Amino acid sequence: MIYLSAKREKYKQAIGLSKLICVISMRYGYQAMTIKEFEDIFRKMYLPLGMYALRIVDDADVSEDMVQNAFMKAWETIEAGKAIDNFSGYIYFAVRNECISWLRGQKEFVGPEEIPEIDDEAIDTSERDARIWRAIDSLPEKCRLVFLMSKRDGLSNEEIAEELDISVKTVKNQMTKAFSRLREALSSGHKPFYLPFL
Amino acid sequence: MDKKEIKYIAERYKSERFSTDKAWSSMGFRRLSWWTVNRAAAAIVLAVGLTATAAIVINRHLASPEDETGQETVVPDTAVSAVKVIDFEDTALPEVIKQIKKIYGIEIENIPENASDYKLSLHYEGNVENLVATINEILDIQLSVKKK
């Protein structure tokens with residue numbers, strides 16, 4: 001025999017397994033979105049939202065923090081039993097607000113009016129950036145190294161060849177391979193289901 | 001293909017960033033299968049808290065006359081099927097495992113490295129295999145019972 005001794009006041013403190021308890025709560029009608037639904041959306045939107053934040057804060061680590069903060073706050077809202085009508089729109093605005101809050105702490109911040117509004121173009125850009133990021137992620141290791149040395153670090157083919165102790169021809173081949181993969185990734189792009197929310 | 005956009009991303013690219021698995025985990029969520037969720041809901045399962053307190057363990061070997069004398073009974077051949085009662089209150093998983101090993105006279109393997117992250121409150125009466133299976137299902141871990 002196993003019984004549940006739920007302690008609802010601890011939900012917000014608990015990590016990991018507390019989510020299971022939240023699922024149970026949800027099944028008794030306390031929550032508007034299941035954790036599975038939340039996770040599905042998280043997995044679909046995490047990278048595009050990260051790319052959206054990247055365009056604002058210009059740092060991958062910071063943008064990850066911004067997106068995670070936004071999702072955590074969204075979950076707390078859901079956990080509190082509040083309905084979020086348009087989650088996609090909500091989470092984009094939440095990420096934007098997180099970025100603005102972060103930028104306020106930076107010396108160069110000039111004001112929220114300088115942050116691009118969330119519109120179709122911004123979302124398209126996020127989606128395209130996400131495809132590029134994912135394509136770079138999926139490149140074979142050596143190919144990715146050569147590509148990043150060229151495009152990120154600004155090294156010439158000759159410098160890369162010398163650095164990696166390979167021929168210039170190999171560098172060119174790897175670059176061709178990388179661009180081919182990126183071209184494939186970009187051409188396979190499509191508008192995701194959650195875009196038409198504005 | 002817009003080389004300017006590719007260059008923009010390449011210049012900011014860092015390996016192992018934007019992993020959804022890592023992010024989901026670092027946010028404190030664990031992946032739950034529908035099977036786990038359904039079983040959990042059907043069983044009306046466990047409570048989990050963060051505050052650690054000492055474990056309260058009641059060991060009652062129902063079939064053993066030695067229980068009346070309060071002596072420890074270790075019966076390796078039947079340890080796995082022995083029915084016993086255990087209570088934990090906000091207890092860390094390593095302590096839970098320690099008590100299970102002591103009470104049932106078995107060894108437990110495949111303990112996750114982050115075992116101390118989990119804390120349980122539970123009342124259980126039954127054999128160790130079902131107990132471990134239940135904990136595995138709830139925590140999404142792979143503890144296994146090894147007979148002594």
Side-chain angles (χ1 to χ4, degrees), chain A residues 1-7 10 13-21 23-24 27-28 34-36 38-39 42-44 46-47 50-51 54-55 58-61 63-64 67-69 71-72 75 125 128-130 132-137 144 147-148 150-154 179 182-183 186-187, chain B residues 1-3 5-34 36-38 40-51 85 89-90 114 117-126 130-131 134-135 137-140:
Chain A
M1 178 185 67
I2 305 170
Y3 67 80
L4 173 71
S5 56
K7 295 175 180 174
K10 289 188 178 177
Q13 300 170 20
I15 58 170
L17 285 173
S18 71
K19 306 310 170 191
L20 176 64
I21 305 301
V23 170
I24 296 170
R27 284 174 171 263
Y28 284 89
T34 68
I35 192 170
K36 182 69 171 65
F38 183 76
E39 183 183 352
F42 172 83
R43 289 181 182 279
K44 281 173 186 153
Y46 185 67
L47 184 54
M51 295 297 104
L54 184 64
R55 290 270 174 180
D58 204 33
D59 182 282
D61 292 327
S63 63
E64 276 208 276
V67 177
Q68 289 180 24
N69 287 347
F71 269 104
M72 284 307 294
W75 178 251
T125 300
R128 185 202 54 220
D129 289 350
I132 295 171
W133 190 286
R134 210 173 281 123
I136 296 173
D137 259 345
R144 182 170 62 239
F147 173 78
L148 291 174
S150 171
K151 295 301 168 189
R152 181 181 63 191
D153 306 334
F179 272 104
L182 288 166
R183 197 177 296 117
L186 288 175
S187 63
Chain B
M1 183 167 53
D2 194 336
K3 290 187 177 180
E5 304 304 336
I6 290 174
K7 187 168 168 52
Y8 176 86
I9 296 298
E11 284 173 347
R12 287 151 186 83
Y13 179 86
K14 292 179 181 175
S15 62
E16 298 182 6
R17 297 304 194 281
F18 297 108
S19 156
T20 51
D21 285 338
K22 281 185 184 174
W24 184 252
S25 175
S26 71
M27 287 164 60
F29 293 97
R30 292 180 62 81
R31 194 152 200 193
L32 298 171
S33 68
W34 278 111
T36 300
V37 171
N38 289 332
I44 312 284
V45 200
L46 289 179
V48 182
L50 279 180
T51 317
V85 179
E89 180 67 26
D90 288 339
N114 61 340
D117 290 349
Y118 305 115
K119 290 175 182 169
L120 312 177
S121 296
L122 73 92
H123 169 84
Y124 180 84
E125 180 175 340
N130 286 339
L131 172 59
T134 303
I135 292 173
E137 200 158 286
I138 300 307
L139 303 187
D140 193 20

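By convention in this document, chain letters (A, B, ...) are assigned in the order of the sequence lines, proteins followed by strands, and residues within each chain are numbered from 1. Fair warning: this is a prediction, and the values are worked out from it, not measured in the lab.
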Considering only heavy atoms and a distance below 4.5 Å, find which of Leu54(A), Leu47(A), Asp61(A), Asn69(A) pairs most often with chain B. Asp61(A)

Side-chain contact test, heavy atoms from C-beta onward, threshold under 4.5 Å: evaluate it for Leu182(A) versus Ile132(A) and give yes or no. yes

Taking the cut-offs as 6.0 angstrom to the six-membered ring centre and 45 degrees off its axis, would you call Arg183(A) and Phe179(A) a cation-pi pair? no

Chain B contact via Arg134(A) - which portion, at a heavy-atom distance below 4.5 Å: neither

How long is the span from the NZ atom in Lys44(A) to the CD atom in Glu39(A), to the nearest 0.5 Å? 11.0 Å

Part of Asp59(A) lying under 4.5 Å from any heavy atom of chain B: side chain

Looking only at heavy atoms, the pair that brings Ala60(A) and Lys14(B) closest together is CB-CD, 4.3 Å

What part of Phe147(A) is in contact with chain B, defined as an atom under 4.5 angstrom from a non-hydrogen atom: side chain, backbone, both or neither? side chain

